[in-house]
J.: 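Sharing a structure with you now.
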Number of protein chains: 2
Amino acid sequence: MDETLTDPRDEPLPESLSARDRFDKIHDDMRSRICLLEYPPGMKLSETELATEFGISRTPLRRVLARLEDEGLVTSVHGVGTMVTTMDMAELAQVYRLRKELVLLQTSLDTVPPSPALIARVEQLLGRAEALKSAPSAKEFSMLDRDMFLTLLDLTANAPLRLMSERLYFRTARIWLQQVTASQIDLMQEIEIYAGEVQDILDALKLGDLDAIGHIRRGHISLSFARMQK
Amino acid sequence: MDETLTDPRDEPLPESLSARDRFDKIHDDMRSRICLLEYPPGMKLSETELATEFGISRTPLRRVLARLEDEGLVTSVHGVGTMVTTMDMAELAQVYRLRKELVLLQTSLDTVPPSPALIARVEQLLGRAEALKSAPSAKEFSMLDRDMFLTLLDLTANAPLRLMSERLYFRTARIWLQQVTASQIDLMQEIEIYAGEVQDILDALKLGDLDAIGHIRRGHISLSFARMQK
DNA sequence: TTCTCGCAATTTGTGCACATCTTGTGCGGT
DNA sequence: ACCGCACAAGATGTGCACAAATTGCGAGAA
């Protein structure tokens, strides 16, 4: 691995953020790394290494790890280490069953009518989905799915629902990506199906039929999990 | 306030728990204090005072506060302090609307048939409810409602659903208690209604009709919130 | 009197050294 | 050769001192 002590990715880090902003940034970064399998399940994370990499001390980094542990992405054991969690099928099934229900609530509870800006964002996402057909990439696909999820989350104004849905999503996203990477799912087929789903959602958005969106997504989650199990 | 430096309540604390157990114990304790209005909304909490009271240093206590902040029970601001959060009606309404939906899932998603032990526990709770009629106490009522909630949570085996429902419950319980204490709700009336609800739930439990329980509870949550608003 | 500026007190956030716990390894006995 | 125990290495957990940030108070000028 490389020798850079400062964060080597993205922005050159504006060097003066509030403590809270620093925390959020590092948390999102770590979560992203875990969900994109940069830190695969079972991997041991070193507090001191991560601290020096982010240019902070162990104390604030431990707060990030504590939150990731609350979210179920890592587990820390005294004297042993901090490991990225894994998930068995039974646990995964529980999360998927719950997500299937919550996705309906996302388009029926405290909904906000889709703004033109939101529709434009989905159109952009559709473009990315179409582009993936000619250049398949599991990681790009995963990022697209994440952006799509976060975009559609704006359809509900119910803050607790948004928070819980987000946590559940980030809990399972990496497992799905892992299955794809292990070729247990045919990537090209998934992309085709996904592009079709985005198109359907976009049509429903333009019609303002939020209920339809909920059921489209529910069906997609259900089938996606079914394909994972086979 | 008194001068005791060690935890004055419950057990004499077995003095040697694992770090994780200590954390959980202090967290549950703090959450309980907040939900029973011992620490009312807006109250400023002192890290150093709490640390000395629990007989630990600020470092592990800060971890507890961080988790409570994640759960939305307190907020910490650099240079200002840590305050117990308050909730406006709009936010409260969002949580209640979501809880109304989740309570249905609790008796329809990954359900486990009610064990005789669980039924016996509910029968005990019914006894407590009846006893409250002759000796009304807002705090006792709140603790009864909490125990009832946690007991019925055993009807679902879906771990993520259990976790989320629990967090949402502890988020609103104190606000409800606050309204009762402020006499904006007639305590005696609430107890009567509640005892009736427990009886209905018990009957449904004995029949194994979980779906009925979901709708009984949903109705109760809905009406309870309606009475709060008036 | 009133407004403004600045300092001091208080509180949370951070860095670092040390305590505690687990695990692997190697030595010695059987 | 094998089993067991003790110790060392390395990880997380804790305590403490200091840094950073906000707020309130008070002195001084207009």
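Numbered from 1 within each chain, the chains take letters A, B, ... in sequence-line order. Source: prediction; values computed, not measured.
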J.: In this structure, how many angstroms lie between the C1' atom of C/dT11 and the NZ atom of B/Lys44, rounded?
T.: 7 Å
J.: Which one of A/Thr107, A/Leu109, A/Thr111, A/Asp110 satisfies the side-chain contact (heavy atoms from CB on, under 4.5 Å) criterion with A/Leu155?
T.: A/Thr107
J.: On the side chain of B/Thr59, is there an atom forming a donor-acceptor pair with the base of D/dC16 - under 3.5 Å, no angle test?
T.: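 Per atom types, the contact qualifies.
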J.: Given atom CD1 of B/Ile56 and atom C1' of C/dA19, what is their separation to the nearest angstrom?
T.: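 After rounding, the gap between these two atoms is 15 Å.
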J.: Taking ring-ring contact (aromatic ring centres under 6.0 Å, His included) as the criterion, tell me which of A/Tyr96, A/Phe225, A/Tyr194 meets it with A/His220.
T.: A/Tyr194
J.: It should be established whether B/Thr48 places a side-chain nitrogen or oxygen under 4.0 Å from OP1 or OP2 of nucleotide C/dT11.
T.: no
J.: Can a donor-acceptor pair under 3.5 Å be found between the side-chain atoms of A/His78 and the base atoms of C/dT20?
T.: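 Answer is yes: a donor-acceptor pair is held.
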J.: Output the rounded distance in Å from CG (B/Leu50) to P (C/dT11).
T.: 12 Å
J.: Determine whether any donor atom in the side chain of B/Arg58 lies under 3.5 Å from an acceptor atom in the base of C/dG13, or the reverse, and answer yes or no.
T.: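 Yes.
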J.: Does B/Leu45 reach a base, just sugar-phosphate, or nothing at all? Heavy atoms under 4.0 Å.
T.: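 Sugar-phosphate: the residue B/Leu45, judged by heavy atoms under 4.0 Å, touches backbone atoms but no base.
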J.: Remember a base hit wins even if backbone is also touched, and classify A/Ser46 as base, sugar-phosphate or nothing at under 4.0 Å, heavy atoms.
T.: nothing
J.: Taking only side-chain nitrogens and oxygens of A/Arg62, does any of them come within less than 4.0 Å of OP1 or OP2 of C/dT14?
T.: no
J.: State which residue, out of A/Leu61, A/Asp28, A/Val64, fulfils the side-chain contact (heavy atoms from CB on, under 4.5 Å) condition with A/Phe23.
T.: A/Val64
J.: For A/Leu68 and D/dT12, give me the distance from atom CG to atom C1', rounded to whole Å.
T.: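 Distance, rounded to whole Å: 16 Å.
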J.: Once you measure the plane-to-plane angle for A/Trp176 and A/Phe141, does it fall in the parallel (<30°), tilted (30-60°) or perpendicular (>60°) bin?
T.: perpendicular
J.: In whole Å, I'd like the distance from the CZ atom of B/Phe23 to the P atom of D/dT14.
T.: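 Computing the B/Phe23:CZ to D/dT14:P distance gives 10 Å.
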J.: Taking atom P of C/dT12 as reference, at what distance in whole Å does atom CG of B/Leu61 sit?
T.: 10 Å
J.: Whole-Å distance between D/dG15 C1' and B/Arg63 CZ?
T.: 16 Å
J.: Would you please confirm or rule out a distance under 4.0 Å between OP1 or OP2 of D/dA11 and any side-chain N or O of A/Ser76?
T.: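 No, A/Ser76 has no side-chain N/O under 4.0 Å of OP1/OP2 on D/dA11.
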J.: Picking from D/dG13, C/dT14, D/dT22, which would you name as closest to the side chain of B/Val80?
T.: D/dT22
J.: What distance do B/Ser224 atom OG and B/Lys100 atom NZ have between them, rounded to the nearest 0.5 Å?
T.: 11.5 Å
J.: Return the value, rounded to whole Å, for the distance between atom CD of A/Glu47 and atom C1' of D/dG13.
T.: 9 Å
